[in-house]
Amino acid sequence: MPRRLLAGACAVLLAVGASACGGSDTETTEGGLTKITVGAIPIVDVAPLHLGIEQGYFETQGLEVEVKNTSGGAQAIPGAVSGEFEFAFGNVTSLLVARDSGLPVQTVTNGVSSTGKEGEDFGAIVVPEGSDIKSAKDLAGAKVAVNNLKNIGDTTVRNSVRKDGGDDSNIQFTELPFPDMPAALEKKEVDAAWVVEPFLTTALDAGATEVASNFVDAHEQLTVAVYFTTEEIAKKDPELVKKFVTAMNHSLSYAESNPEEVRRILGTYTEMDEQLIEDIRLPAFPPDSSIDSVQTIGDMMKEDGLIKEDPQVSELFPGRA
């Protein structure tokens, strides 16, 4: 989440006041269910949320869930802070930047994790067909596309380059939406791209070559994104948080054990075609976040200057870190 976007979130925080921040009041349906809104990107990563709704895990906890599509942490974090969402999905880098900027967000449960398997993860660094770049260290001085600057993409790409013995100081990162990356690679408008599914499979099918699994390089069990709320909601309605966590953990476990169900549900909330759904690499959906991996990402962020202070992992994961 770039700082220019966090400035808007900070403005929201000041406008609503710290005491009211995230204090959205819930409604009750005629059937006695508590209505909640969850901000989530319509991508592979949130399949467990949609499966959980379909399987009735949230209804069992007395919750009626409305999923409101977001474009990512840049929209989800201000939305949660302002009370638009009771819960939202966001990557750990965006949330650590938010904490560093004084926004009172905290994790409630895991969202999505790396598979931890080199060459078999749902995100990777890829280069155009015929490129002279053969491994991460060759990215020194290259023009590399990421979806957001100063976020989990460039943070983990730099780490992969360093880990492979290369110089990460002069990489030219450029911001490009994931859907545009396969074409940019094919036209050689960029030297490389960090891309995630389903666009990773699209790029590879078009001739791109994978040179590094940057999430795997960062940590063997990397927690990439989580579901979060605000401190205000966590204090004001701990029972609501408990119900959401219980339902979400059932949903994550179901998704982890039933990959065929993950692929099936993708056809209901994304625009992916059937063949692509069958071909993509799925991420991992463990119910538990790896606090150690988040600390590792936070330390990289501090080294790269994305945050000013030491990463506030314990504040982001209260009672866990």
Between V262 and N258, is the side-chain contact (heavy atoms from CB on, under 4.5 Å) condition met? List the steps.
CA-CA 7 Å; V262 172; N258 297 277; over 6 Å; no
What's the verdict on side-chain contact (heavy atoms from CB on, under 4.5 Å) for I152 and V92, showing C-alpha distance, side-chain angles and the deciding distance?
CA-CA 8 Å; I152 198 165; V92 296; 4.3 Å; yes
Let me see the working for F89 and V112 under side-chain contact (heavy atoms from CB on, under 4.5 Å), right down to the final yes or no.
CA-CA 10 Å; F89 177 91; V112 67; 3.9 Å; yes
Walk me through whether D310 and K302 qualify under salt bridge (Lys or Arg N to Asp or Glu O under 4.0 Å).
CA-CA 7 Å; D310 289 338; K302 177 76 180 296; 2.9 Å; yes
List the steps and the verdict of side-chain contact (heavy atoms from CB on, under 4.5 Å) for F244 and T229.
CA-CA 11 Å; F244 178 81; T229 190; over 6 Å; no
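Judged by distance alone, with hydrogens and angles left aside, the side-chain atoms of N91 form a donor-acceptor pair with the main-chain N or O of T93 at under 3.5 Å. Panel note: side chain T201, backbone E197; no donor-acceptor pair is recorded below 3.5 Å. No donor-acceptor pair closer than 3.5 Å links the side chain of K308 to the backbone N or O of G305. Within the 3.5 Å criterion, the main-chain N or O of E120 finds a donor-acceptor partner in the side chain of T115. The backbone N or O of S290 lies less than 3.5 Å from a partner atom in the side chain of T223, making a donor-acceptor pair. The backbone N or O of G116 sits nowhere less than 3.5 Å from a side-chain atom of Q221 that would complete a donor-acceptor pair. Between the side chain of T209 and the backbone N or O of V127 there is no donor-acceptor pair closer than 3.5 Å. Without hydrogens or angle criteria, D299 side chain to T296 main chain gives no donor-acceptor distance under 3.5 Å. Within the 3.5 Å criterion, the main-chain N or O of L103 finds no donor-acceptor partner in the side chain of S101. Remark: side-chain polar atoms of K163 are paired, donor with acceptor, to backbone N or O of D217 under 3.5 angstrom.
Using a 4.5 Å heavy-atom threshold, the side chains of D138 and S135 count as touching. H250 is not listed as a side-chain neighbour of Q55, based on a closest heavy-atom distance of 4.5 Å or more. Proximity of D288 to P286: side-chain heavy atoms (C-beta onward) are nowhere separated by under 4.5 Å. The shortest side-chain heavy-atom distance between S94 and I77 falls under the 4.5 Å cut-off. Looking at heavy atoms from C-beta onward, L49 lies in side-chain contact with F58 at the 4.5 angstrom threshold. Between F87 and V241, some side-chain heavy-atom pair lies under the 4.5 Å cut-off.
Of all the heavy atoms in V44 and Y269, the pair that sits closest is O-OH, 3.6 Å. Considering every non-hydrogen atom in both T70 and P42, the closest pair reads O-CD, 3.7 Å. Between G141 and Q172, the closest heavy-atom pair is O-NE2, 3.0 Å. The heavy-atom pair separating S251 from P48 by the smallest distance is CB-O, 3.2 Å. Shown here for L282 and F122, the closest heavy-atom pair between the two residues is C-CB, 4.3 Å. Between N110 and S289 the shortest heavy-atom distance is OD1-OG, 3.2 Å.
With a 6.0 Å radius and a threshold of 12 heavy atoms from other residues, nucleotides or ligands, E309 has its CD atom at or below the threshold. Within a 6.0 Å radius of NZ in K187, no more than 12 heavy atoms belonging to other residues, nucleotides or ligands are found. Within 6.0 Å of atom CG in D132, 12 or fewer heavy atoms from other residues, nucleotides or ligands are found, so the atom counts as exposed in its surroundings. Heavy atoms of other residues, nucleotides or ligands lying less than 6.0 angstrom from NZ of K137 number 12 at most.
Listed by chain and number, the residues in a salt bridge (charged side-chain N to carboxylate O under 4.0 Å, His left out) with R263 amount to none (sequence neighbours excluded). Partners of D167 by side chain to side chain donor-acceptor pair (under 3.5 Å), not counting sequence neighbours, listed by chain and number: S169. Partners of E54 under the side chain to side chain donor-acceptor pair (under 3.5 Å) rule, at least two apart in sequence or in another chain, are R264. Scored by the ring-ring contact (aromatic ring centres under 6.0 Å, His included) test, F285 finds no partners at all (sequence neighbours excluded).
Electrostatic pairing of R99 and E231 counts as a salt bridge here, judged by a charged N lying under 4.0 Å from a carboxylate O. Salt bridge absent: R158 and E303 never bring a charged side-chain N and a carboxylate O closer than 4.0 Å.
Atom NZ of residue K143 and atom CD of residue E189 lie 7.5 Å apart, to the nearest 0.5 angstrom. For the atom pair N159 CG and D154 CG, the distance stands at 12.0 Å (nearest 0.5 Å). Distance check, rounded to the nearest 0.5 Å: CG of L316 to CG of D100 gives 12.0 Å. With rounding to the nearest 0.5 Å, the separation of CD1 in I53 from CD in E59 is 11.0 Å. Between the OG1 atom of T109 and the CG atom of L252 there is a distance of 5.5 Å, given to the nearest 0.5 Å. One finds the CG atom of L176 at 11.0 Å from the CG atom of N148 (value rounded to the nearest 0.5 Å).
Applying the side-chain hydrogen bond (donor to acceptor under 3.5 Å, both in side chains) rule to pairs touching residues 270-282 yields E210-R281, Q275-D279, sequence neighbours excluded. Applying the ring-ring contact (aromatic ring centres under 6.0 Å, His included) test to every pair with at least one member in residues 126-183, sequence neighbours left out, gives these pairs: F178-W194.
Counted by atom type alone, D121 and S114 present one or more donor-acceptor pairs between their side chains at under 3.5 Å.
Tested against M181, the residues V190, V195, V126 include a single side chain to side chain contact (heavy atoms under 4.5 Å, CB included) partner, V195.
Under a hydrophobic clustering in which Ile, Leu, Val, Met, Phe, Trp and Tyr are joined whenever their side-chain heavy atoms come within less than 4.5 Å, directly or via other members, V46 and M272 fall into the same cluster. Hydrophobic clustering of Ile, Leu, Val, Met, Phe, Trp and Tyr side chains at less than 4.5 Å, counting indirect connections, keeps I280 apart from V216. In terms of hydrophobic clustering, with Ile, Leu, Val, Met, Phe, Trp and Tyr side chains grouped at heavy-atom distances under 4.5 Å, L240 and L33 are assigned to different clusters.
Using cut-offs of 30° and 60° on the angle between ring planes, the pair Y57 and Y254 is perpendicular.
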